[in-house]
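FYI, side chains are in, hydrogens and waters are out, and symmetry mates aren't considered; it's all heavy atoms of this structure.
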Amino acid sequence: MSEKSGARLSVFKTYKLFVGGKFPRSESGRVYQVTDSQGGWLANAPLSSRKDARDAVVAARKAFPGWSGATAYNRGQVLYRVAEMLTGRREQFADEVAAAEGLDREAALAAVDAAIGRWVWYAGWSDKIAQVAGGANPVAGPFFNLSVPEPTGVVAVLAPQDSSLLGLVSVLAPVVVSGNTAVVITSERAPLPALSLAEVLATSDVPGGVVNILSGRTAELGAPLAAHQDVNAIDLTGAAGDAALATELETAAAGNLKRVRRPATAEDWSADPGTGRLLSFVETKTVWHPIGI
């Protein structure tokens, strides 16, 4: 088509992984077809390999000291910036969520707005976690005894299969707000909103490696992450519909005593999230200090 005709060629989006703040293709070169709720083709998504999962863990570990060492206020400001950027791309995400979940336009916009609100809600917790999960303990003796929550480390997150954006935000935000870094496996069926979220994270002051996003087969990627000795915790939400897989991953996670969060039932992502997830991935450090010294 010529420019004078007023038409232009369609430019198809190439979705990529998000590892260490960069957008690589899968090292395997594989892709898989992503379809809408009616079976229509939407895009080809990267089919991540075990090597991609290992690379993501390396990136998450490298980013952990800087992110966990940042002030709670700074982390909150960075995460709030993500919500601002999501708001600016509200229409795009509504289109992707509608296609992924078979929602009408109004419902898709509501889901995106809920995801933005959920992100803001967790961002606000960054400098309040210590007050809720820590404090001064009464002890017999001339000592100050303080309990302080600290991030667990690198957390593998299996995103929910049924909620491509709101559910994703609901499992990712509580992991990173406390100072953990994350390796996320997207919804296998509907990965596109998560891969687009990576673009938002990359332009929102989130340091490279804090969040790493992989698309592909949940079982294929979950196994090496559950067994990885440098992963400190794993959220099995994305395996909730497969009891055998969840049990297999839970067993593999015991190798280095990972924290494991395995939901017992299907979750209502529109409900008040509470602080359960937030506190699932922090450790409590107790400090003793003599009074008067």
Side-chain angles (χ1 to χ4, degrees), residues 15 17-18 32 34-37 42 45 48 53 56 82 86 93-94 96-103 107-108 110-119 121-122 155-177 180 182-198 200-201 211-223 225-226 231 233-250 253 259-281:
Y15 289 88
L17 307 177
F18 187 52
Y32 72 104
V34 179
T35 59
D36 61 22
S37 59
L42 290 174
S48 303
V82 174
L86 274 170
F93 278 99
E96 293 187 340
V97 169
E101 301 179 25
L103 303 177
V112 174
D113 290 342
I116 295 170
R118 184 66 46 85
W119 196 277
W121 190 83
Y122 275 115
V155 181
V157 180
L158 278 58
Q161 302 294 338
D162 59 339
S163 183
S164 59
L165 185 63
L166 176 56
L168 170 70
V169 167
S170 298
V171 297
L172 172 59
V175 167
V176 296
V177 69
N180 297 298
V183 176
V184 181
I185 303 175
T186 69
S187 165
E188 184 174 329
R189 182 185 61 82
L192 303 187
L195 296 176
S196 290
L197 178 64
V200 171
L201 297 172
V211 178
N212 305 274
I213 299 179
L214 307 175
S215 58
R217 309 300 183 204
T218 301
E220 181 180 353
L221 298 172
L225 291 175
V231 174
I234 186 167
D235 183 341
L236 298 178
T237 298
D242 188 337
L245 174 60
T247 299
E248 177 187 337
L249 299 180
E250 194 171 31
R259 280 178 171 255
V260 176
R261 193 178 197 283
R262 180 177 177 179
T265 58
E267 300 186 58
D268 179 5
W269 301 114
S270 64
D272 184 342
T275 58
R277 285 185 177 276
L278 192 67
L279 301 180
S280 292
F281 303 109

May I ask you to decide if [Y]'s main-chain N or O and [X]'s side chain share a donor-acceptor pair within less than 3.5 Å?
X: Asp235; Y: Val171; answer: no
X: Asn212; Y: Val184; answer: no
X: Arg259; Y: Ser280; answer: yes
X: Arg118; Y: Trp269; answer: yes
X: Gln161; Y: Gly238; answer: yes
X: Tyr32; Y: Ser215; answer: no

Could you grab the distance from atom [atom1] of [X] to atom [atom2] of [Y], nearest 0.5 Å is fine?
X: Glu96; Y: Leu165; atom1: CD; atom2: CG; result: 9.0 Å
X: Ser196; Y: Leu86; atom1: OG; atom2: CG; result: 10.5 Å
X: Leu278; Y: Trp121; atom1: CG; atom2: CH2; result: 7.0 Å
X: Leu214; Y: Leu221; atom1: CG; atom2: CG; result: 6.0 Å
X: Leu195; Y: Leu17; atom1: CG; atom2: CG; result: 7.0 Å

Query raised in the report: Hey, which of Val183, Val175, Val176 is the one that makes side chain to side chain contact (heavy atoms under 4.5 Å, CB included) with Val211?
Result: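 Exactly one option meets the side chain to side chain contact (heavy atoms under 4.5 Å, CB included) with Val211, and it is Val176.
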
Do [X] and [Y] have side-chain heavy atoms sitting under 4.5 Å apart?
X: Ile234; Y: Glu250; result: no
X: Asp242; Y: Thr218; result: no
X: Ser163; Y: Leu168; result: no
X: Phe18; Y: Leu197; result: no
X: Tyr122; Y: Pro273; result: yes

Do you know the tightest heavy-atom contact between [X] and [Y]?
X: Pro191; Y: Ala45; value: CG-CB, 4.0 Å
X: Ala239; Y: Leu249; value: CB-CD1, 4.5 Å
X: Val97; Y: Ala111; value: CG1-CB, 4.3 Å
X: Val169; Y: Pro174; value: O-CD, 3.8 Å
X: Thr186; Y: Ala194; value: CG2-CB, 3.4 Å
X: Ala243; Y: Arg262; value: O-NH2, 3.5 Å

Requested in this report: State whether a side-chain donor-acceptor pair under 3.5 Å links Glu267 with Ser170.
Outcome: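 Side-chain D/A pair, Glu267 to Ser170: absent.
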
Query - Stepwise side-chain contact (heavy atoms from CB on, under 4.5 Å) test for Val200 and Phe93 - result: CA-CA 11 Å; Val200 171; Phe93 278 99; 3.8 Å; yes

**Report entry** Derivation and outcome, side chain to side chain donor-acceptor pair (under 3.5 Å), residues Ser164 and Arg189
**Finding:** CA-CA 9 Å; Ser164 59; Arg189 182 185 61 82; over 6 Å; no

Query raised in the report: Going through the distances and angles, do Leu158 and Leu236 end up as a side-chain contact (heavy atoms from CB on, under 4.5 Å)?
Result: CA-CA 5 Å; Leu158 278 58; Leu236 298 178; 4.3 Å; yes

